[in-house]
Every structure is written in C-alpha cells, then in structure tokens.
Amino acid sequence: GPSGAPGAPGATGPQGPAGTYDAGAGIEITAGTISIVVVGTKGNPGRSCKHILVLNPASTDGVYWVDPDGSGALSAVQVICDMRRDGGGWTLGLKTWYSAQAIFGRTASLGSVQDGLDRKGSAYKLDDAVIVALIGPAANFDVLADQAGHNSAYSNGNNEFVVLRN
C-alpha cells in the first residue's frame, strides 16, 4: 500500500564538543559560527604555497607566510609564491646571481624575501630544514627552474624555462 505521512521530528540531540572545525577552502566553523579565514598570513600561515592556493584559488603571486611542519619545531617563515605558472603553488627555494658564490654548500637560509623578489643582486635561499619540510616525508616533488634574464655582455638572449617532473 501507499506510504504513510512522515512522523513528528525527534528530540534534539546533545550539544557537540566545543572547538574549531576546519572545513577547508579558507572556511572555519567555531561553535556554530562560520568565518572566512585568510591563510598565508603571519597569524595563520599555510603549510605551503600549494596549500594556500588550494584553500584560495584566487591567490596571486607574492609573499606569504608558511609553516611547513605545522606545530613542529620550525617557525613560520615568509616565502615567495608563484601562483600562476604550470598550475601554481610553487615556493621559491633558491635564487642566485652569477656572482653569488656564498650560496653553494650552505644549509642555512640566506638573504631576505626582498632579495628573492629582486631579479638581480643578492642571493636568496630557504633554510634546508624548511625545504625538506615543504617536500614532505614522501620526498616526491617537482622542480621549476627559470632563467629570468641574461647578461647582454656575453649573451644575446638565452632566456630559458625548464620544468622537471618526477
């Protein structure tokens, strides 16, 4: 025979535990309220540039804060993110200039974020511990190499762009 009419609603269940739930995509739910969370700031660093881009696909190239090991031993650091090339989410780990020999064999960070943004001049490098944490335990990563310019004194325009995938 036909189904009957729906019954009356049941009793209200118990209150859930207090706390914060990360719903992803930069949305956070806390005690029944929903708020937009900006990821990539000093107060709320992302885990990587890719993480920031996943949470906010409208992210643009620039300087962001990341903490690749979360609540681990590493502190959050400012990094340069390329959010547009080859799918975006790239973290600049190293920028050198032909006369910047101090970078070879160095495990500690070198230079400032501004050095990384300048096309020429001082070298820039993230600390090896930050790079290892960004790569993660699977040690599976992509490398994007870019020669952004050339010295016209000995080259007539070898602007190269190479993407290596594993």
Side-chain angles (χ1 to χ4, degrees), residues 20-30 34-151 155 157-166:
T20 299
Y21 171 70
D22 180 0
I27 299 171
E28 198 171 81
I29 302 171
T30 304
I34 299 175
S35 58
I36 304 299
V37 177
V38 178
V39 179
T41 63
K42 187 173 185 177
N44 191 27
R47 296 293 293 251
S48 67
C49 293
K50 184 69 171 182
H51 176 241
I52 293 166
L53 185 61
V54 166
L55 293 180
N56 181 6
S59 297
T60 59
D61 293 351
V63 177
Y64 293 86
W65 285 87
V66 299
D67 189 354
D69 70 343
S71 59
L74 297 174
S75 298
V77 295
Q78 280 189 299
V79 298
I80 300 164
C81 297
D82 184 326
M83 300 301 205
R84 60 182 175 79
R85 278 194 259 188
D86 195 41
W90 297 95
T91 305
L92 180 65
L94 168 74
K95 184 219 83 175
T96 190
W97 180 240
Y98 74 96
S99 64
Q101 299 300 320
I103 207 164
F104 300 108
R106 185 182 180 95
T107 59
S109 63
L110 178 66
S112 67
V113 172
Q114 187 58 51
D115 292 328
L117 292 169
D118 292 339
R119 184 169 162 198
K120 299 179 181 178
S122 300
Y124 165 81
K125 179 190 167 302
L126 290 176
D127 188 283
D128 281 2
V130 172
I131 294 171
V132 168
L134 285 167
I135 290 170
N140 184 13
F141 62 97
D142 296 331
V143 175
L144 173 74
D146 186 359
Q147 180 175 331
H150 64 275
N151 186 329
S155 173
N158 61 336
N159 296 310
E160 299 169 357
F161 180 83
V162 178
V163 178
L164 305 173
R165 296 256 186 214
N166 52 342

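Note that the numbering runs from 1 along the sequence shown for the chain. Values below: all heavy atoms of this structure, side chains included; hydrogens, waters and symmetry mates excluded. Quick caveat: nothing in here was measured; it's all calculated off a predicted structure.
The shortest heavy-atom contact between G88 and L53 is C-CD2, 3.6 Å. Summarising the geometry of R106 relative to K125, their closest heavy-atom pair is O-CE, 3.0 Å, with the distance given to 0.1 Å. Minimum interatomic distance between F141 and I135 (heavy atoms only, all atoms of both residues): CD2-CG2, 3.6 Å.
For the pair W90 (side chain) and R85 (backbone), a donor-acceptor distance under 3.5 Å is present. Remark: side-chain polar atoms of R84 are not paired, donor with acceptor, to backbone N or O of G87 under 3.5 angstrom. A side-chain donor-acceptor contact under 3.5 Å links D69 to the backbone of L74.
A distance of 6.0 Å separates NZ of K95 from CG of D118, quoted to the nearest 0.5 Å. Note that the OG atom of S75 and the CH2 atom of W65 stand 9.0 Å from one another [nearest 0.5 Å]. A distance of 5.0 Å separates OG1 in T41 from CG in N44, rounded to the nearest 0.5 Å. Atom CG of D82 is separated from atom OG1 of T91 by 9.5 Å, given to the nearest 0.5 angstrom.
Residues forming a side chain to side chain contact (heavy atoms under 4.5 Å, CB included) with D115 (at least two apart in sequence, or on another chain): S112, S122, Y124. Judged as a side chain to side chain contact (heavy atoms under 4.5 Å, CB included), and not counting sequence neighbours, the contacts of I52 are V39, S59, Y64, V66, M83. V63 pairs by the side chain to side chain contact (heavy atoms under 4.5 Å, CB included) definition with Q78, I80, V113, L117, not counting sequence neighbours.
With contacts defined as side-chain heavy-atom distances shorter than 4.5 Å, the pair D67/V77 does not qualify. Side-chain atoms of L126 and L110, non-hydrogen and from C-beta on, never get closer than 4.5 Å to each other. Residues V79 and C49 are in side-chain contact: their nearest non-hydrogen atoms beyond the backbone lie under 4.5 Å apart.
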